[in-house]
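What follows is a single structure, written as structure tokens, with notes after it.
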Amino acid sequence: MKKSVIIFILVLLISFSAFAAVADIITQSRISIEELLSKQDSGSFVQLVEQGQGVVIFPTFYKLGFVVGGQYGEGIVLRKDPQTGKWYGPAFVNIYGLSVGAQAGIQSASLILVVMNEEGINGFMGDNFTLGGSLGVAAGPLGRQLSADVDYRLKASIYSYSVAKGFYAGASIEGAYIKTNDHANEAFYKGQITPEEILKEKTVEGEAKKIVELLEKAIENLHKEN
């Protein structure tokens with residue numbers, strides 16, 4: 001009896017530790033959004049978020065290499081319903097990648113993706129997919145406003161932004177591999193759940209809701225400036 005109680009307590013501690021670890025990803029994601037929004041040229045990012053259908057945040061995205069490089073990050077997906085404006089998530093995902101070419105150094109950065117259309121957000125509802133191809137990825141435009149010649153609806157399904165904390169040159173997320181983090185999803189939602197269920201049924205709460213509030217406040221402020 002005593003042994004079973006100890007085992008039960010250990011299981012609870014492990015579960016709490018796992019939940020705390022994934023909860024920290026959300027907290028760090030919020031900090032990443034705050035950092036990006038603090039930049040003077042974040043206006044176009046805010047406009048894309050307003051027009052888009054979701055954001056993907058990797059608070060720590062590592063790149064390293066010389067000629068051949070590797071990329072890795074853990075993050076979250078938040079989906080915005082284009083009809084109601086409601087936000088759903090977070091769904092937890094990992095990003096992996098290899099790159100070949102002119103590159104050198106080590107970088108730790110926040111990587112933030114703005115998903116512009118349903119085709120793009122559907123990619124994150126499956127188990128895995130690769131960025132690129134029909135889901136075109138492009139560097140997000142900078143500046144306080146989107147320039148007239150940027151057709152953000154047609155040019156790409158996903159736009160990427162990063163706030164670098166080191167040095168890196170010549171890297172791209174085109175061809176990076178996105179994989180559902182099932183362990184993180186199970187730890188956070190306390191049971192098996194699919195990314196599609198999360199992004200269609202789980203409205204944002206807690207720390208994830210704070211991220212949405214930051215984005216919506218930025219959109220409101222941008223309209224006031226105009």
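Heads up: numbering here begins at 1 and tracks the sequence.
When every heavy atom of Ala218 is checked against every heavy atom of Leu37, the shortest pair comes out as CB-CD2, 3.9 Å. Smallest separation of non-hydrogen atoms from Met125 and Leu199: CG-CD1, 4.0 Å. In terms of heavy atoms, Ser160 sits closest to Leu113 at CB-CD2, 3.6 Å. Minimum interatomic distance between Val49 and Lys80 (heavy atoms only, all atoms of both residues): O-NZ, 3.0 Å. Heavy-atom minimum distance, Val22 versus Ala184: CG1-CB, 3.3 Å. The two residues Val93 and Ile76 have their closest heavy-atom pair at CG2-N, 4.5 Å.
One finds the NZ atom of Lys179 at 5.0 Å from the CG atom of Asn128 (value rounded to the nearest 0.5 Å). Taken from CD1 in Ile121 to CE in Met116, the straight-line distance is 11.0 Å, to the nearest 0.5 Å. Of the inter-residue distances, the one linking Leu214 atom CG with Ile33 atom CD1 reads 8.0 Å to the nearest 0.5 angstrom. In this structure, Ile158 CD1 and Gln53 CD are separated by 11.5 Å, a value rounded to the nearest 0.5 Å. Remark: Tyr161 OH to Ser42 OG distance equals 9.0 Å, nearest 0.5 Å. Here Glu220 contributes atom CD and Glu216 contributes atom CD; the two are 9.5 Å apart, rounded to the nearest 0.5 Å.
Hydrophobic clustering places Leu48 together with Ile57 (ILVMFWY residues linked when any side-chain heavy atoms are closer than 4.5 Å, directly or through intermediates). Linking ILVMFWY residues whenever their side-chain heavy atoms come closer than 4.5 Å, directly or via other members, places Leu36 and Tyr159 in the same cluster. With hydrophobic clusters built from ILVMFWY side chains whose heavy atoms lie under 4.5 angstrom apart, Tyr88 does not share a cluster with Ile178.
Here the side chain of Asn185 pairs no donor or acceptor atom with the backbone of Ala91 at under 3.5 angstrom. Within the 3.5 Å criterion, the main-chain N or O of Pro59 finds a donor-acceptor partner in the side chain of Ser110. Counting only distance, with no hydrogens or angles, the side chain of Thr180 and the backbone of Asp182 share no donor-acceptor pair below 3.5 Å. Judged by distance alone, the side chain of Glu197 and the main-chain N or O of Thr194 form a donor-acceptor pair under 3.5 Å. Of the possible donor and acceptor atoms, none in the side chain of Lys210 sits under 3.5 Å from a partner among the backbone N and O of Arg30.
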task: Start with the C-alpha distance between Ile112 and Phe45, add both sets of side-chain angles, then the distance that settles side-chain contact (heavy atoms from CB on, under 4.5 Å), and finish with yes or no.
output: CA-CA 10 Å; Ile112 299 169; Phe45 162 75; 3.9 Å; yes
task: Test Trp87 against Val55 for side-chain contact (heavy atoms from CB on, under 4.5 Å), laying out the working first.
output: CA-CA 10 Å; Trp87 287 79; Val55 294; 4.1 Å; yes
task: Assess whether side-chain contact (heavy atoms from CB on, under 4.5 Å) is satisfied between Glu186 and Ile193, documenting all intermediate values.
output: CA-CA 7 Å; Glu186 289 177 17; Ile193 188 168; 5.7 Å; no
task: Step by step, work out the ring pair (Phe, Tyr, Trp, His ring centres under 6.0 Å) result for Tyr177 and Phe129.
output: CA-CA 6 Å; Tyr177 179 70; Phe129 73 101; 8.5 Å; no
task: Go through the steps for Lys39 and Val163 under the test side-chain contact (heavy atoms from CB on, under 4.5 Å), then give the verdict.
output: CA-CA 10 Å; Lys39 305 300 180 184; Val163 181; 4.3 Å; yes
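At a threshold of 4.5 Å between non-hydrogen side-chain atoms, the residues Phe124 and Leu78 do not count as touching. Val77 places none of its side-chain heavy atoms less than 4.5 Å from the side chain of Pro195. Side-chain contact check for Ile211 versus Ser29: some heavy-atom pair is nearer than 4.5 Å.
Other residues, nucleotides and ligands place more than 12 heavy atoms under 6.0 Å from the CD atom of Glu34.
Salt-bridge formation is detected for the pair Glu196/Lys200: a Lys NZ or Arg NE/NH1/NH2 atom is positioned less than 4.0 Å from an Asp or Glu carboxylate oxygen.
The one candidate from Phe58, Tyr72, Phe61 that meets the ring pair (Phe, Tyr, Trp, His ring centres under 6.0 Å) condition with Tyr96 is Tyr72.
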